[in-house]
Amino acid sequence: MAPAAPAAPAAPAASAASAASAASDGGRLARVRRGRPDDPRWARPALWALLAVTTVLYLWSLGASGYANQFYSAAAQAGSESWKAFFFGSSDAANSITVDKPPASLWPMALSARLFGLSSWAILVPEALMGVATVGVLYAAVRRRFSAAAGLIAAAALAVTPVAALMFRFNNPDALLCLLMVSAVYCVLRALEDARTKWLVLAGVCFGLGFLTKTLQAWLILPPLAVVYAVCAPAKFGRRIGQLLLAGLAMVVSGGWWVAIVELWPASSRPYIGGSQHNSFLELTFGYNGLGRINGNETGSVGGGGPGGGGRGGGRWGDTGIDRLFGSDMGGQIAWLLPAAFILLAAGIWLTWRARRTDTLRAAFLVWGGALLMTFATFSFMSGIFHQYYNIALAPYIAALVGMGAALLWERRNEGGRAGAVASAVLALTVAVTAYMSYVLLGRSPDWHPWLRWAVLIGGLAAAAGLLLTGLLATGRLGRKAALAAAGLGLAAGLAGPVAYTLNTVDTPKQGSIVTAGPSVAGGMGGPGGGFPGGGRMGGPPGMQNGRQGTGQQGQGQQGQGQQGQGQQGQGQGGRQGTPGGGTGGTGGGQPGGQNGFPGGGFPGGGQSPRNGQGNAQGGQGQNGTPGMLPGGGMGEGGRRGGGMGGLLNGQQVDAEVAAKLKKNADDYTWAAAAIGSQNAASYQLATQKPVMAIGGFNGSDPSPTLAQFKEYVKQSKIHYFISSGTGMGGGPGGGQGTSSQITSWIESTYKKVTVGSATLYDLTQKKTG
């Protein structure tokens, strides 16, 4: 045989490398299709089926919610029109003011709207896909150290948690934040396996991006995760600390680059930072969106700037305490599996207590358990703004602990002996407590499928008895089958309540700033439209429901899936200086005398109304009719708020005639119109797809623009119309002397009023005569 050419030996090497690469790629693809070699044959098909069902669930009738939270939808629309608005998270494409959050959660929606055009689906589909991704990442995180069954239980529990299904079909920042937090935990768990630095750095990047999503909430679980890594990682102590410092640097860089640019950017050429009182993102981060949420000292918030009082350490946002998340407004959102998570966390720590320092099973319980306990404690005792949907942050931690703990106890149960009997008893206790928790939560909606609570209770108790008896008495193949049947019944009973709540949530359109999952509940304002914690009606005592005297007829609502409820009708006279009203206003777009029928003096503590006038409002219809009870602009049904709290919680329907009026010659102006409050401005901006200035930001309380700045804009013909239906907040907490009130008073005394359809506009190019 002739000798080979000198280059010949390289060819086999290259071929071998290509073959190895192809084999590696093929191996990865095979693992995606079939799962791990030790997975049972049903595991991967079950995972794909679960993800497919979750996708359908989260996309089902998604367009019925319209633009959902118009506040964020308008910002996404602005970002789809202007890259500058995209970068800053501006409320409008002309960049007058930003939303009161960093912009990361807006970027997927804005890119989707830029690619596919503005629509409900373009806004909400990215959120639903984030939900499916979160379920998948949670499965992967649990499966790495536990069985496929544990991963599937955890993923399914997350998918059907009512508040998760709610927020993964909505456009608040919480969907992206939840995905990033689960991804961060996954990376930390990977790093704990072999102390690889790259995984810890990736976790830091997730936390940094989480900060750009919802500021300091993203760092809530940092302390327990850092402590667990510092103690349990399989490396020398010095290396562990160095890795944590490097991860911290990655977090600061990935989250801080945007903050640095914003803080260094000349304030005169960027939008005002919404939610701050001095045009500073750092102030927003550590004040209104940071420590203010903990201590209640939220300058610029809807109820003033001081800490809330009353209750058991509570305030405007409900009582605080260890049982807060089990209460009437919160329980149905998240508490279904919360007792089970606590029990199984304790069981997991107990079963792994004697393991070596670097044991990854125990580390997993410590990581997920630490995240749960830190978040639970914060939510239970924080005095600042707290809404029901915040509880989505707990959902993956609860689901992971339930999957891990149940699987570990099941394995120990099958080992037999005294340890097996104890494991069976703990499993039985968990199932029984979960069934009782569901019975209690379902009982808060006594007319909504009343049979379900009894079926869940009886099924759960029967499953608990079966698990206990088979653990103590049954042996052999028949005993294993009986135990498996009892476990299946217990799982079905434990998830039946959340599934029912989730299906109700999916079937009910959701709109506004505050939304809740499931049907209406006794003692709270849950249900289709959402509401406020604490079980009361918003607006405080009569003396605080200022500025409105009126008469109204409350409509009737039939509870039950598919049934319709009529909102309120109301008519009232605007008042001045917080005159105790006593009447209930209507839901929907009221006119002068208050923003969308809201009392002239604004939110509690409001002060002087800019003027007297009449307010008329018509309630909407929806499912599970919950009477609209907010003063002068309460809750619409079926998740719709017709300008609830005076347009603070949602915008209003915009007539085609009004939209056409605003769009005419709009390109000749920087802003087609201006309105008090971001929700009001958002309604008109989405209807016209033209920039609308949000005076005062979300609450109407931000000092942007000042009266002098607004006068200069008008002088330069940059604003065409002022929308009077957005004037009721009176400057928010600032009362009658606030910037919003000053601008309103100046406009009303200077420019001509134009009535178009249901709206009252002021043409800022036409001054009054005489």
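None of these values were measured; they are calculated from a predicted model. We number each residue from 1, following the sequence as shown.
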Okay, side chain of Ser147, backbone of Ala150: is any donor-acceptor separation there less than 3.5 Å?
-> yes
Please step through side-chain contact (heavy atoms from CB on, under 4.5 Å) for the pair Leu192 and Trp199, ending with a clear verdict.
-> CA-CA 9 Å; Leu192 280 164; Trp199 286 110; over 6 Å; no
Distance only, no hydrogens: is a donor on one side chain within 3.5 Å (strictly under) of an acceptor on the other, for Ser445 and Arg453?
-> no
Starting from the C-alpha separation in whole Å, work towards a yes-or-no answer on ring-ring contact (aromatic ring centres under 6.0 Å, His included) for Phe365 and Trp353.
-> CA-CA 11 Å; Phe365 278 105; Trp353 186 253; over 10 Å; no
With distance as the sole test, does Arg357 use its side chain to make a donor-acceptor pair with the main-chain N or O of Val231 at under 3.5 Å?
-> yes
Is there a donor-acceptor pair closer than 3.5 Å between any side-chain N or O of Arg169 and the backbone N or O of Leu57?
-> yes
Find out whether the Lys NZ or Arg CZ of Lys510 is both under 6.0 angstrom from the six-membered ring centre of Tyr389 and within 45° of the ring's axis.
-> no
Over 60° means perpendicular and under 30° means parallel, so classify the ring planes of Trp368 and Tyr397, tilted if in between.
-> tilted
What about the rings of Trp448 and Tyr501, do their centers lie closer together than 6.0 Å?
-> yes
Any donor and acceptor pair, going by atom type alone, linking the side chain of Asn171 with main-chain N or O of Asn69 inside 3.5 Å?
-> yes
Around Phe326, counting heavy atoms of other residues, nucleotides and ligands shown, do more than 12 lie under 6.0 Å from its CZ?
-> yes
Min side-chain heavy-atom separation Pro396-Cys178 under 4.5 Å | yes
Donor-acceptor pair, Arg362 side chain versus Ile349 backbone, under 3.5 Å?
-> no
Indicate yes or no: does Asp319 engage Arg324 in a salt bridge with an N to O separation below 4.0 Å.
-> no
Return yes if some donor-acceptor pair links the side-chain N/O of Thr213 with the main-chain N/O of Pro173 below 3.5 Å, else return no.
-> no
Taking Asp359 for its side chain and Leu361 for its backbone only, find out whether a donor-acceptor pair lies under 3.5 Å.
-> yes
Does a side-chain N-to-carboxylate-O contact under 4.0 Å join Arg44 and Asp38?
-> no
Keeping the roles fixed (side chain from Arg418, backbone from Ala421), state whether a donor-acceptor pair exists under 3.5 Å.
-> no
Indicate yes or no for a side-chain donor-acceptor contact from Thr161 to the backbone of Ala157 under 3.5 Å, with no hydrogens or angles considered.
-> yes
Can you spot which of Val227, Leu366, Thr358 makes a side-chain contact (heavy atoms from CB on, under 4.5 Å) with Cys232?
-> Leu366
May I have the step-by-step check of side chain to side chain donor-acceptor pair (under 3.5 Å) for Thr360 and Arg144, ending in yes or no?
-> CA-CA 10 Å; Thr360 53; Arg144 286 199 65 82; over 6 Å; no
Derivation of the side-chain contact (heavy atoms from CB on, under 4.5 Å) call for His449 and Trp451 | CA-CA 5 Å; His449 303 311; Trp451 59 269; 3.8 Å; yes
Backbone N/O of Gly327 and side chain of Arg444: donor-acceptor pair under 3.5 Å | yes
Is atom CH2 of Trp60 surrounded by more than 12 heavy atoms (other residues, nucleotides or ligands) closer than 6.0 Å?
-> no
Using ring pair (Phe, Tyr, Trp, His ring centres under 6.0 Å) as the criterion, list what pairs up with Trp454, not counting sequence neighbours.
-> Tyr439
Side chains of Asp329 and Thr516: does their closest heavy-atom pair fall under 4.5 Å?
-> no
